Amino acid sequence: MSEQPLNPTTALAPDSGTADEAPPADPPATGSVAEAPADDTPATDVHTAAPGAEAPAAEAPVTDAAAADAPATDATTVHASATGSTAADVPADEAAALRAASFERARRMRQEPRFPGGPAADPAGSHHERRIRSFQPRRSRVTTGQQEALERLWPKWGLDIDGKRVLDLDQLFDGLPVVLEIGFGMGEATAQMAADDPGTGILAVDVHTPGQGNLLGLADRAGSTNVRVANGDAVILLREMLAPESLDGLRVYFPDPWPKARHHKRRLIQPEFLDLVAPVLKPGAIVHCATDWEPYAEQMLEVLTAHPRFENTAADGGYAPRPAFRPLTRFEGQGLDKGHVVHDLLFARV
């Protein structure tokens, strides 16, 4: 599983570093929603972006977003070709105007929803801030099945994280206790957990459109009505759209480990993130993290242990066994086959 996508949250430090560098040759076994993991990558769910990032059954891709996915062509080159001249023959001021118009078209395309009535391209655009993001949203092809699920089910089970209102979770989930899942990839594990525990509502956050459509379809086919899919930045959701002590738990499974040292500041589990999480959790609510990237697991354990609002449920103060309710995903299994060790951390809000 497992921009972004990806995880759909952001860290809170000032912006620095480069967010668009290629990943290292040997990151942890990732469950990317965009492609199958390399042989030596970690099980990352980004961005979700989270658990169960298994590839969906193959379907013919739709092409309504093909223009958005295609690389941009230099406007000056297109103009010169159309007029039979060369790019060097186009006056500088005209070339600048053509480039500006091309950039504006590309900007509008990025902001327009891919599916009318579906998830917005930039739901909290007015809340744009310069901060280090733990996810990198990316556009990729949506299958016909995913598109159908988005068009049919988003109005009923989807919501945009726009920062303009506080969610009434009791109304949204018909009074069920609610856990927040940040980053669900293609949604297989999320759908399974929802089906296995219909008495718990899952508010699943991600920014990857194919995964959003896939999760909606899986939940619908399983007859699960306890899943809601949120599109956008989880930091805005935590900070502006959730009431105090409204959540019964938080799940962050296989977030992007950002293995390079200069990118560690982009990791999701940081003290500032936990400062946002603690107020919206009920006393006793469980924060459940899982990763197969050993250095990140160590950082998670250190950060959670040091935070005064959380207490380790493991008697020895270390990692916890994998709970039975967390499904073993295909990507996690691949990591285990390569000798990766998966660590679960369960901390209670005090």
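All of these numbers come straight from a predicted model, not from anything done at the bench.
Every residue was checked against the side-chain hydrogen bond (donor to acceptor under 3.5 Å, both in side chains) condition with Q192, not counting sequence neighbours, and none meets it. Take R221 and apply the side-chain hydrogen bond (donor to acceptor under 3.5 Å, both in side chains) test, not counting sequence neighbours, and it matches no residue. Residues passing the salt bridge (charged side-chain N to carboxylate O under 4.0 Å, His left out) test with R322, sequence neighbours excluded: none. Under the rule for a salt bridge (charged side-chain N to carboxylate O under 4.0 Å, His left out), the partners of D344 that lie at least two apart in sequence or sit in another chain are R326. With sequence neighbours left out, the side-chain contact (heavy atoms from CB on, under 4.5 Å) criterion links A285 to L281.
With D292 contributing its side chain and L336 its backbone, the two residues share no donor-acceptor pair below 3.5 Å. In this structure a side-chain-to-backbone donor-acceptor pair under 3.5 Å is missing from R251 to V179. Put simply, the side chain of D160 never gets that close to the backbone of D162: no donor and acceptor are under 3.5 Å apart. The backbone N or O of L203 sits nowhere less than 3.5 Å from a side-chain atom of R228 that would complete a donor-acceptor pair. Without hydrogens or angle criteria, T305 side chain to L301 main chain gives a donor-acceptor distance under 3.5 Å. A donor-acceptor pair is defined here as one N or O able to donate and one able to accept, closer than 3.5 Å; no such pair exists between the side chain of N214 and the backbone of G187. Distance alone, capped at 3.5 Å, is enough to place a donor-acceptor pair between the Q212 side chain and the D206 backbone. No donor-acceptor pair under 3.5 Å is formed between the side chain of T291 and the backbone N or O of Y296.
For F273 and H307, the gap between ring centers reaches or exceeds 6.0 Å.
In this structure, T329 OG1 and M186 CE are separated by 13.5 Å, a value rounded to the nearest 0.5 Å. Atom-to-atom distance recorded for F310:CZ and L304:CG is 7.0 Å, nearest 0.5 angstrom. Here the OG atom belonging to S224 is positioned 7.5 Å from the CH2 atom belonging to W157, to the nearest 0.5 angstrom.
Transitive grouping of hydrophobic side chains (ILVMFWY, heavy atoms separated by less than 4.5 Å) keeps L218 and V227 in distinct clusters. Cluster membership for L237 and V166, using ILVMFWY side-chain heavy atoms within less than 4.5 angstrom, is not shared. Taking hydrophobic clusters as Ile, Leu, Val, Met, Phe, Trp and Tyr residues chained together by side-chain heavy-atom distances below 4.5 Å, I286 does not share a cluster with L274. Note on V342: it clusters hydrophobically with L328, by side-chain heavy-atom contacts below 4.5 Å among ILVMFWY residues.
The residues D168 and R165 are annotated as not salt-bridged, no charged nitrogen and carboxylate oxygen being separated by less than 4.0 angstrom. The residues R349 and E245 are annotated as salt-bridged, a charged nitrogen and a carboxylate oxygen being separated by less than 4.0 angstrom. Remark: D220 engages R152 in a salt bridge, criterion side-chain N to carboxylate O under 4.0 Å.
For the salt bridge (charged side-chain N to carboxylate O under 4.0 Å, His left out) condition, no pair includes a residue of residues 297-315, sequence neighbours left out.
Within the 4.5 Å cutoff, no side-chain heavy atoms of L345 are placed close to those of H288. When side chains are defined from C-beta on, D196 does not count as touching M193, because their heavy atoms never get closer than 4.5 Å.
Contact between N231 and W154 at its shortest, heavy atoms only, is CB-CH2, 3.6 Å. Nearest approach of G232 to P123, heavy atoms of both residues: CA-CG, 4.1 Å. Nearest heavy atoms, A194 versus N226: O-ND2, 3.1 Å. Looking at every heavy atom in both residues, L276 comes nearest to V280 through O-CG2, 4.1 Å.
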- Query: Between E181 and T190, does a side chain to side chain donor-acceptor pair (under 3.5 Å) hold up when you go through it step by step?
  - Reply: CA-CA 8 Å; E181 181 177 359; T190 305; 2.9 Å; yes
- request: For the pair R267 and H264, evaluate side chain to side chain donor-acceptor pair (under 3.5 Å) and give the outcome as yes or no after the intermediate values.
  value: CA-CA 5 Å; R267 288 175 172 173; H264 286 180; 3.3 Å; yes
Check: Please walk me through it: do L250 and V252 pass side chain to side chain contact (heavy atoms under 4.5 Å, CB included)?
Finding: CA-CA 7 Å; L250 170 68; V252 184; 4.0 Å; yes
